[in-house]
Amino acid sequence: MANEELAAIFAEMADILEILDQDRFRVGSYRRAARVLADTTEDIAALAAEGKLQKLPGIGKSTAEKIEEYFRTGKITRHEELRKQIPLGLLEMLTIQGMGPKTVAKLWKQAGITSLDQLRKVIEENPSKLEKIEGLGSKKLTQLAESITFAEKVSGRFRLDEAGAVANNLCQVVKSCKGAKRVEVAGSLRRQRETVGDIDILCEASEKYAQQIIKTFTEARGVTKVLAAGGTKGSVIVNHRIQVDLRVVPSESFGAALQYFTGSKAHNIALREIAVKKGLKLNEYGLFKHDAPDGAKPLAGRTEEEIYAALGLQWIPPELREDRGEIAAAAEGKLPDLIRLEDIQGDLHMHTTASDGANTVEEMILACKKLGYKYMAITDHSKSQIQANGLDEQRLADHVAEIRSAAKKYKDILVLAGIEVDIFKDGSLDFSDDILKELDFVVASPHTALTQGRAEATKRLIKAIENPYVHAIGHPTGRMINQRTGMDIDIVKIAQAAAANNTALEVNAHPWRLDLRDVHIRTAIEAGAKLVITTDAHSAFGGSDLTLMHYGVKTARRGWATAEDVINTYSPAKLKKWLKR
DNA sequence: GCCGTTTTCGGCCCGACTGTTTTCAGTCG
């Protein structure tokens, strides 16, 4: 995908410039451009062709020219030139914790080390070679060696379910400490990004308890390494895998610290720039007058709300804090009224023992009732999903009869008889229209041929969207987080087709999927498409179950979704009407 | 390299922790 390739190129140029110790503001500009390019669902090639690249924030004349060159020639001359100026192995060295551009440059220029492999060998076999380098003592070398080993074992980012479990355990440990008041998760986990790199925990406590709380934290069960343990901050590795940072802050700064450590970094920078323009200074202790002396009383800091208010902004929900336009919206009082878990009235994608689920139709009905749902749809797999025990026409007929019979027993929940029908690679479906039209709810999903190209994949999904008997497209890209990227789709075209045909696009809530993803959701809404948030549950409770809904809701919030955008917030009557559309 | 209802030039966010510094640089978030 061009967006990601371009983002990678600008990020790499920033890295190289940093190693070469060039203008740090230019480095910052390249990094911002990289982030904006990675975030946007706009068709960059089209913008380039129309000369409209500069409407993207952070893209100016020079960057626009580079992007245009990329589409014209397939490369960026400045990028190629920069790559010739350093050994490319340095870029890999830069990814190691504790090693930044200055250290990489020193190792390269003073010791001739140009790759991670080489560095590891030198530290192991001949560390005296590095002694002459200023700033690299034995402790630093040990730390670097450990970081290299750690990087080999651990793959970058963690899914929300993995990180959430670790965070909950450690929050309990911190909460149990003497003097600990509020304990909150911050960072990308609070923003509910689809993956998180590390976990940030914040604890409200007075200064006299801080040291002991940090100590208890660094000695918690599961901690396999202590990276730092200061007076207000502790940092550990849990289970040899994931880094967890704890900050202990006093009550009067708790809101400021929560805001600060929730990020994102880009959001915070934008916020602090607003503060500066107002003659103020924002840090993790509060909002101050620009020239306030140390120890001055903050203008705001106890809660996040008062900080945003003092900056002239609506409070911004964490899921929106990505510097994707939320600050301008908050300044105008135009933030969306985001969907909440309580808005969800039913689940419209789930499986039973009829295909590959663990529970019967009636068990799923009881589980949905227990969650307070007013309606539900049972959507087992279609016949080509042989490995998932997909239903053929005859078994489907029996299954539907069973659902309708069970539904009659439960008057207080509307039970829809549905199917998750496979979308083949050409966009045709696993059942004929004659079969589909007899069903109450049809989710059409791609399960195979997930590596086809963008144009083909887009055409495929649009064909399914245009089928009059299809109500929703299930996990539209088929991606599995940290496992497979799924299909590259033209979300604008797909959303336009979905809006025109009144077909909903699924936000699959399973933390392994989260598909559609946040930026797709936002684009889909802007194009007028409706969403349906579902769990794709394969059991009633305990595992891949109906309670995963909150992940989908939070992902939808990250896509700026309101309840009105999501069909399973409708009342039963409104939903019934929508189904007959 | 970007950006502008104080600027088209001259700014560009802020602090903790570590290691090796005898007063601070580098890294991180």
Side-chain angles (χ1 to χ4, degrees), chain A residues 10 13-14 17-19 21-36 53-67 78 93-107 131 133-144 146-147 186-189 191 196-202 210 214 218 226-236 243-249 253 256-257 259-288 290 292 294 311 323 331:
Chain A
F10 280 96
M13 287 198 287
L17 287 177
E18 262 196 312
I19 292 171
D21 196 24
Q22 295 195 12
D23 180 22
R24 65 195 174 96
F25 297 110
R26 183 169 302 179
V27 170
S29 293
Y30 280 175
R31 289 208 193 290
R32 178 159 190 228
R35 183 176 58 78
V36 168
L53 285 167
Q54 290 187 60
K55 76 170 198 163
L56 293 171
I59 310 289
K61 183 160 175 283
S62 169
T63 301
E65 281 170 4
K66 290 183 175 67
I67 295 171
R78 178 73 180 131
M93 290 166 65
L94 205 52
T95 64
I96 295 301
Q97 278 264 342
M99 184 134 58
K102 298 284 195 295
T103 311
V104 167
K106 271 191 270 190
L107 286 166
E131 270 172 10
I133 301 179
E134 198 181 330
L136 279 185
S138 64
K139 273 191 168 176
K140 186 75 184 172
L141 288 179
T142 307
Q143 181 201 91
L144 288 178
E146 284 174 356
S147 292
S188 52
L189 188 53
R191 302 199 310 279
V196 304
D198 62 9
I199 296 169
D200 296 286
I201 298 174
L202 207 59
I214 303 277
T218 58
V226 179
L227 298 172
T232 63
K233 174 180 164 179
S235 188
V236 301
Q243 181 172 335
V244 187
D245 297 340
L246 171 70
R247 272 89 173 185
V248 182
V249 298
S253 297
Q259 193 289 312
Y260 181 83
F261 291 115
T262 295
S264 66
K265 185 171 180 169
H267 174 90
N268 285 357
I269 288 174
L271 224 51
R272 275 171 264 158
E273 280 168 356
I274 290 179
V276 168
K277 282 188 183 128
K278 289 180 182 289
L280 305 169
K281 181 176 69 166
L282 179 63
N283 59 31
E284 60 262 55
Y285 300 106
L287 185 65
F288 300 87
H290 180 63
D294 285 351
L311 293 173
D323 191 27

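Computed from heavy atoms alone, side chains included, the values below leave out hydrogens, waters and symmetry copies. Quick note on labels: first sequence line is chain A, next is B, and so on, each numbered from 1. Treat the numbers as computed from the prediction; the structure is a model and nothing was measured.
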By side-chain contact (heavy atoms from CB on, under 4.5 Å) - contacts of A/Y285 (at least two apart) = A/S253, A/N283, A/F288
key: Whichever of A/K102 and A/G230 has its nearest DNA chain B nucleotide further upstream toward 5'   = A/G230
ask   = In whole angstroms, how far is the C1' atom of B/dC3 from the CD1 atom of A/I269?
value = 15 Å
remark   = Heavy atoms of A/D200 and A/G187 approach each other most closely as OD2-CA, 3.5 Å
query = Which of the following nucleotides, B/dC17, B/dG1, B/dG29, is nearest to the side chain of A/Q97?
reply = B/dG29
A/D200 or A/Q54, whichever maps to the more 5' nucleotide of DNA chain B = A/Q54
message = Nearest to the A/P101 side chain among B/dT27, B/dG1, B/dG26, which nucleotide is it?
response = B/dT27
ask   = For A/Q243, what residues pass the side chain to side chain donor-acceptor pair (under 3.5 Å) criterion, not counting sequence neighbours?
value = A/S235, A/D245
ask   = Quick one: side-chain contact (heavy atoms from CB on, under 4.5 Å) partners of A/T232, sequence neighbours excluded?
value = none
task = Name the nucleic acid region contacted by A/L17, choosing base, sugar-phosphate or nothing; use a 4.0 angstrom heavy-atom cut-off, strictly under.
result = nothing
side-chain N/O A/T232 vs B/dC17 OP1/OP2, d < 4.0 Å = yes
ask   = B/dG26 C1' sits how many Å from A/L136 CG, rounded?
value = 11 Å
task = Scan A/R24, A/R31, A/R26 and name whichever one has a side chain to side chain donor-acceptor pair (under 3.5 Å) with A/E18.
result = A/R31
key: Side-chain N,O (A/S235) to OP1/OP2 (B/dC28) below 4.0 Å   = no
Integer angstrom distance from the C1' of B/dG1 to that of B/dT8 = 14 Å
query = Can you tell me how far P in B/dT23 sits from the matching atom in B/dC28, rounded to whole Å?
reply = 25 Å
ask   = In terms of side-chain heavy atoms of A/T63, which of B/dC17, B/dT20, B/dC2 is nearest?
value = B/dC2
query = Of all heavy-atom pairs between A/L144 and A/M99, which one has the smallest distance, and what is that distance?
reply = CD2-CB, 3.9 Å
inquiry  = From C-beta outward on A/D245, which listed nucleotide comes closest to its side chain: B/dG29, B/dG26, B/dC12?
reply    = B/dG29
request  = Let me know the distance between CD1 of A/I96 and C1' of B/dT27, rounded to the nearest Å.
outcome  = 14 Å
ask   = Within the pair A/S29 and B/dC12, is there a side-chain N or O less than 4.0 Å away from OP1 or OP2?
value = no
query = Any idea which heavy atoms bring A/T63 and A/A33 closest together, and the distance?
reply = CG2-CB, 4.1 Å
inquiry  = Nearest whole Å is fine: how far is B/dC3 P from A/E273 CD?
reply    = 11 Å
task = Please measure how far the P atom in B/dA25 lies from the corresponding atom in B/dT21, and state the result in whole Å.
result = 13 Å
key: By salt bridge (charged side-chain N to carboxylate O under 4.0 Å, His left out) - contacts of A/K106 (at least two apart)   = none
message = Need one value for A/N268: base, sugar-phosphate or nothing, where a base atom within 4.0 Å counts as base even if backbone is also close, heavy atoms only.
response = nothing
key: Atom-to-atom span, CZ of A/F261 to P of B/dC28 - whole angstrom   = 16 Å
note = Residues in residues 276-288 of chain A with a heavy atom under 4.0 Å of DNA chain B, by number, are A/V276, A/K281, A/L282, A/N283, A/E284, A/Y285
ask   = Reckon A/A270 touches a base, only the sugar-phosphate, or nothing at all at heavy-atom distances under 4.0 Å?
value = nothing
note = With sequence neighbours left out, the residues meeting ring pair (Phe, Tyr, Trp, His ring centres under 6.0 Å) with A/Y30 are A/F10
query = For A/L107 and B/dT27, what is the distance between atoms CG and C1' respectively, to the nearest whole Å?
reply = 14 Å
query = How many Å lie between CG on A/D323 and P on B/dC2, as a whole number?
reply = 16 Å
message = What's the gap between B/dA16 and B/dC12 when it is taken at their C1' atoms, as a whole Å value?
response = 22 Å
query = Between A/Q143 and B/dT20, does any side-chain N or O lie under 4.0 Å from OP1 or OP2?
reply = no
query = Please give, in whole Å, the distance from B/dC3 P to A/F25 CZ?
reply = 15 Å
task = Assign A/G263 to base, sugar-phosphate, or nothing according to its heavy-atom contacts below 4.0 angstrom with the strands shown.
result = nothing
key: Heavy-atom pair of closest approach, residues A/A64 and A/Q54   = CB-CG, 3.9 Å
query = Using the P atom in both, what is the distance from B/dC14 to B/dT20, to the nearest Å?
reply = 30 Å
ask   = Any side-chain N or O of A/K265 less than 4.0 Å from the OP1 or OP2 oxygen of B/dC14?
value = no
query = Is there a Watson-Crick or G-U wobble partner for B/dT8 with both distances under 3.5 Å, and if so, which one is it?
reply = none
query = Which of the following nucleotides, B/dA16, B/dG1, B/dC14, is nearest to the side chain of A/Y260?
reply = B/dC14
query = If you look at every strand shown and take non-hydrogen atoms under 4.0 Å, does A/S138 touch a base, only sugar-phosphate, or nothing?
reply = sugar-phosphate
Nearest to side-chain heavy atoms of A/A228, which nucleotide of B/dG29, B/dC17, B/dT27 = B/dC17
query = How would you label the glycosidic angle of B/dT21: syn (within 90° of 0) or anti?
reply = anti
